[in-house]
Amino acid sequence: MTLTLAPALAALVGTTSAAASTSPMSAGTILVTNLNANAVSAINPTTHAVSVIKSSSHPFNGPLGIAITPNGSFAYVTNSLGDTVSPINLATSPATVDAPIRVGSGPAAIAIAPNGRFAYVTNFNSDTVTPIDLATTPATAGRPIAVGAGPWSIAVSPDGNYVCVSNSEANSVSLIATATGAVSTIQVGGRPQAIAISPDSYTAYVANGNQVTPINLRTHPATAEAPIAMSTQPLGIAVTPNGETAYSANADNTITPIVLRTNPPTLGRSVTTGSLSQPDGIAINTQGTTAYTANTGTTVTPIDLTTSPVRVEAPIYVGAASFGIAVLSDQAPTARLQITPAPVGAKTVFNASASTSPDGRISRYTWNFGDGTSAVTRTPIISHVYRHAGSYQATVIVTSAGGTSLATTYTGQTVSNNGNGRARAVKSFYVAALLQVRPSRGSPGAAIALRDTNFLGACRPVYIRFGNHLIAQTSPVGQLLDVPHLVIPGNAAVGGHQISLSCSAGGPALVSVQLTVVPTLNHLSEFSVAMPSLGQMGRSLPGAGVLGILMVLLSRIIGAGFPSEWIDRTYEENRERFTRPLRRRFPRLMRDRSRATPQSTARRVVGGSAIFIAFAAFGGLVNSILDPSFGWNRTTLWLFIGQCIGIGIISVTGQIPTVIVGLRQHKRIRLQVLLGGLAIAIICVGASRAIGLSPGYCYGLIATFLVIPELDDKDRGRLHALGSVCVLVASSTAFLLTTVVFRAATGASPSPWLLIADPALNVTFLAGFASLAFGMFPLPFLPGRHVAKWNETIWLALSGVGLIGFVAVLLTPGSGSSGEQHHVGLVPILAAFAVFAALSLSAILYFHKHPIEQAEEAETAAEPTDGSVGLPTAEA
């Protein structure tokens with residue numbers, strides 16, 4: 001059987017009178033072959049104006065099938081009567097026809113692979129398929145591939161793995177594996193005509209007889225599935241770009257939708273295209289909104305696919321019978337992105353206005369802002385607010401009016417949407433924090449400045465964290481947050497860190513900024529950095545005042561009698577029982593030195609100085625352990641020396657009145673160091689480190705000057721009060737000096753003297769107020785007992801000032817953990833009093849039930865009873 005006897009060529013009528021093509025083709029242009037006019041008609045998709053492509057030098061000869069390259073630059077037409085394929089250069093104006101390519105006998109249909117490398121032509125009379133290499137110039141035909149009898153329609157799978165051929169004379173479909181050239185055959189029956197493939201490459205749909213047969217291309221080998229029964233014979237078939245629906249052009253002049261998203265596929269309502277249309281070929285535009293049927297009755301019929309049921313529109317007259325039909329593919333747009341970054345909390349502007357599209361219009365912009373949010377707009381400009389500073393990568397994907405973006409859409413013969421990666425633009429940028437840190441690099445213990453001119457948080461105060469550590473708090477003025485002197489923690493590790501602001505000590509960050517810590521040999525320790533400033537102390541004073549007053553009242557209750565009197569009486573009655581075991585075990589430490597032979601002045605000075613230096617050194621060592629970064633380094637060395645100096649200052653200051661009185665009265669003065677106080681100091685430091693308290697505290701270090709013979713209670717109370725005043729003056733002065741020294745010590749290159757002076761002043765301040773806070777409690781072995789007996793008003797004043805100052809330090813947020821709360825600092829105090837109360841009451845009960853026996857009383861009477869005998873001491 002020859003091609004001229006094929007059913008699709010039963011009626012050829014009319015001649016063409018349309019105008020010649022005068023301009024390059026635009027996306028969506030419909031190209032149809034006019035068999036008996038030896039021409040190709042081009043239809044404008046918007047105006048439906050028709051132009052004609054002809055050539056006198058390379059005329060068409062029975063043009064039948066047509067397909068277009070993915071880039072839209074060439075169309076290839078099969079010349080059914082000339083055994084050739086004619087290339088049409090669509091990029092020229094007007095379009096031109098190049099020299100034909102020789103193929104087999106009776107070429108009917110043509111399909112171009114989605115990558116544009118090969119075209120495949122069915123040779124109806126030769127029972128072959130000819131591959132054409134389009135990458136060569138000119139394109140060249142390859143060796144024919146034998147298939148079944150009467151190959152009519154052809155389609156390439158979108159993945160390029162198969163070429164599917166409907167063999168109308170053999171009632172079969174041939175599958176050509178493009179990788180190997182192997183051919184397999186699937187029987188379908190019913191003189192198969194048109195063939196189309198779903199965009200996902202899974203299924204080929206073959207119009208054969210009164211049915212459409214799906215072929216599953218995923219199985220190996222491919223298999224025919226249950227056919228879809230049709231009411232009449234389908235001659236042409238096309239699948240929408242989204243793969244949801246197929247449309248068949250039927251022999252009874254109707255169009256039938258086939259819904260492919262159901263399983264099995266279901267038929268929609270058929271619509272007529274007109275009694276004289278005789279539809280044969282069918283193609284769908286790039287958006288999937290309009291189908292076009294090539295009618296043997298000299299027309300092309302547009303069909304609106306957006307309505308339900310679909311609506312047939314007025315036919316477009318092309319002047320001659322049309323068979324092959326293809327739609328010029330829509331090309332990918334080119335995305336271009338400009339970004340105007342703004343700080344955190346302000347609007348960063350994204351502008352894709354410079355993006356272009358070959359079809360002249362971009363219909364959609366899909367944005368990804370790089371922070372987990374996205375948006376879709378129809379306009380090219382959008383703004384976005386970032387909540388955190390950092391580097392971001394934003395993306396815009398543009399979609400043309402023809403629906404083309406990144407993906408390529410292909411259903412067997414001609415690419416619909418030639419998507420490309422150029423439709424995506426990616427740009428990296430940095431969002432700065434409105435919270436600015438200057439400088440952005442610094443060493444541990446160095447000062448930095450924080451500033452945010454548009455702080456969005458409404459809370460007051462605002463907490464400042466360095467990583468997970470709370471380092472300060474501040475109160476912005478309006479939207480201005482300005483912290484001119486903030487110090488990097490002394491134990492900060494080298495590397496990148498985040499400084500953040502939040503509304504609570506452990507709450508989420510409102511805004512943050514990056515800081516790089518660089519190494520240095522000389523810097524302040526964590527202990528010094530954690531000390532509160534004058535402003536921070538001021539914010540804590542109200543709360544400290546309330547707690548201080550309550551603790552003073554507690555002291556007053558204790559001093560009034562219970563349990564102080566009980567403790568006093570129990571201690572006095574059983575003092576020898578306390579000290580006797582210690583005297584026996586440590587006779588040199590516990591001996592009554594008041595009765596010892598006086599030493600020379602020079603020897604006492606040298607011995608006392610040695611003991612005092614050893615005391616200060618050991619106390620400085622204990623205090624230095626308050627710093628979390630304690631170790632063998634310069635920072636610890638400067639801290640240790642400063643701690644020693646501070647302990648020495650506060651120890652000497654508190655004894656100035658006693659020394660002056662002793663010298664004036666020409667009495668013997670002896671230095672006494674209470675060794676048990678060192679043990680208490682170690683316990684205090686351990687407690688501070690255990691609960692993460694910053695700056696931490698140390699109490700219990702006691703070095704006093706004893707006047708021999710002893711003063712009376714009145715003089716002792718007065719001297720202790722004067723000593724406490726001296727301590728208060730020294731501590732307050734040290735605190736005021738700390739502000740100046742601290743700023744100098746947190747500079748870029750502080751000298752070792754400044755790094756020593758700062759902790760010395762800090763310890764002078766802390767130890768002074770700690771001695772007032774604890775030493776003024778009216779217990780038998782504390783100086784507060786003597787002051788309270790001498791002058792209760794002065795005692796109350798000194799107690800209140802000491803407690804308020806000490807508690808204010810504990811209430812001020814330091815460099816503790818992120819969960820540090822104000823009340824944490826009071827835990828050791830309350831625990832200490834609870835333990836002391838429990839031990840005191842236990843001792844009272846014990847000695848009440850175990851009175852002194854007669855033998856023990858006689859031994860006690862033989863022992864010296866000088867008041868200087870007590871816990872182990874070091875004296876000179």
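Partners of Glu225 according to the salt bridge (charged side-chain N to carboxylate O under 4.0 Å, His left out) rule, which considers only residues two or more places apart in sequence or in another chain, do not exist here. Among residues two or more places apart in sequence or in another chain, the side chain to side chain donor-acceptor pair (under 3.5 Å) test is passed with Ser57 by Ser55.
How far OG of Ser172 is from CG of Asn208: 10.5 Å, rounded to the nearest 0.5 Å. Taken to the nearest 0.5 Å, the CG atom of Asn295 stands 4.0 Å off from the OG1 atom of Thr301. Considering OG1 of Thr240 and CD1 of Ile258, their distance stands at 11.0 Å, rounded to 0.5 Å. Note that the CD1 atom of Ile68 and the CZ atom of Phe74 stand 13.0 Å from one another [nearest 0.5 Å]. Here the straight-line distance linking atom CZ of Phe118 with atom OG1 of Thr178 works out to 9.5 Å at 0.5 Å rounding. Put simply, CG on Leu328 and OG1 on Thr286 are 9.5 Å apart, with the number rounded to the nearest 0.5 Å.
Between the side chains of Thr140 and Asp133, no donor-acceptor pair of N or O atoms lies under 3.5 Å. Between the side chains of Asp280 and Thr296, not a single donor N or O lies within less than 3.5 Å of an accepting N or O. Side-chain contact check for Asp330 and Thr404: at least one donor-acceptor pair (N or O, by modelled atom type) lies under 3.5 Å. Between Asn418 and Ser329, the side chains place no donor N or O within less than 3.5 Å of an acceptor N or O (distance only, hydrogens not considered). Defined by atom type and a distance below 3.5 Å, a donor-acceptor pair is present between the side-chain atoms of Thr130 and Asn123. Between the side chains of Ser157 and Asn161, not a single donor N or O lies within less than 3.5 Å of an accepting N or O. Using modelled atom types, one finds a donor on one side chain and an acceptor on the other under 3.5 Å when comparing Thr409 with Asn417.
Distance alone, capped at 3.5 Å, places no donor-acceptor pair between the Ser357 side chain and the Ile362 backbone. Here the side chain of Ser198 pairs a donor or acceptor atom with the backbone of Thr203 at under 3.5 angstrom. Panel note: side chain Asn79, backbone Leu81; no donor-acceptor pair is recorded below 3.5 Å. Remark: side-chain polar atoms of Asn242 are paired, donor with acceptor, to backbone N or O of Glu244 under 3.5 angstrom. Between the side chain of Thr290 and the backbone N or O of Asn285 there is no donor-acceptor pair closer than 3.5 Å. Side-chain N or O atoms of Gln413 include one that pairs as donor or acceptor with a backbone N or O of Ile154 at under 3.5 Å. A distance-only check finds a donor-acceptor pair linking the side chain of Ser201 to the backbone of Asp159 [under 3.5 Å]. Formation of a donor-acceptor pair under 3.5 Å by the Thr122 side chain with backbone atoms of Ala109 is found in this model. Under a 3.5 Å cut-off, the side chain of Ser168 and the backbone N or O of Gln193 do not form any donor-acceptor pair.
The shortest side-chain heavy-atom distance between Trp367 and Ser374 does not fall under the 4.5 Å cut-off. Side chains of Pro341 and Ile339 form a contact here, defined as non-hydrogen atoms less than 4.5 Å apart. Within the 4.5 Å cutoff, side-chain heavy atoms of Val97 are placed close to those of Ile53. Between Asn34 and Ser322, the closest side-chain pair of non-hydrogen atoms falls below 4.5 Å. In this structure, the side chains of Leu35 and Ser80 come closer than 4.5 Å at one or more pairs of heavy atoms. The shortest distance between side-chain heavy atoms of Arg102 and Asp83 falls below 4.5 Å. The shortest side-chain heavy-atom distance between Pro70 and Ile112 falls under the 4.5 Å cut-off. Inter-residue side-chain proximity for Pro107 and Leu64 is flagged as unmet; no heavy-atom pair is nearer than 4.5 Å.
Gly236 and Ala194 make their closest contact through CA-CB, 3.5 Å (heavy atoms, listed as atom of the first residue, atom of the second, distance). Closest approach of Val398 to Ser355, counting heavy atoms only: CG1-OG, 3.9 Å. Heavy-atom minimum distance, Pro100 versus Pro87: CA-CD, 4.2 Å. The two residues Ile66 and Gly324 come nearest to each other via the heavy atoms CG2-C, 3.7 Å. When all heavy atoms of Pro279 and Leu235 are compared, the pair lying nearest together is O-CD1, 3.6 Å. For the residue pair Ala425 and Leu337, the shortest heavy atom distance occurs at CB-CB, 3.9 Å.
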Evaluation steps, side-chain contact (heavy atoms from CB on, under 4.5 Å), between Ile255 and Ile282: CA-CA 10 Å; Ile255 298 296; Ile282 184 170; 4.2 Å; yes
Worked check of side-chain contact (heavy atoms from CB on, under 4.5 Å) between Thr334 and Arg336: CA-CA 7 Å; Thr334 300; Arg336 292 182 175 88; 3.7 Å; yes
side-chain contact (heavy atoms from CB on, under 4.5 Å) evaluation trace for Arg311 with Val271: CA-CA 7 Å; Arg311 186 181 71 249; Val271 295; over 6 Å; no
Derivation and outcome, side-chain contact (heavy atoms from CB on, under 4.5 Å), residues Asn38 and Lys54: CA-CA 7 Å; Asn38 290 328; Lys54 275 190 171 185; 5.5 Å; no
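Relative orientation of the Phe369 and Phe350 rings is tilted, given thresholds of 30° and 60° on the angle between their planes. Ring planes of Phe124 and Trp152: perpendicular class, angle over 60° (limits at 30 and 60°).
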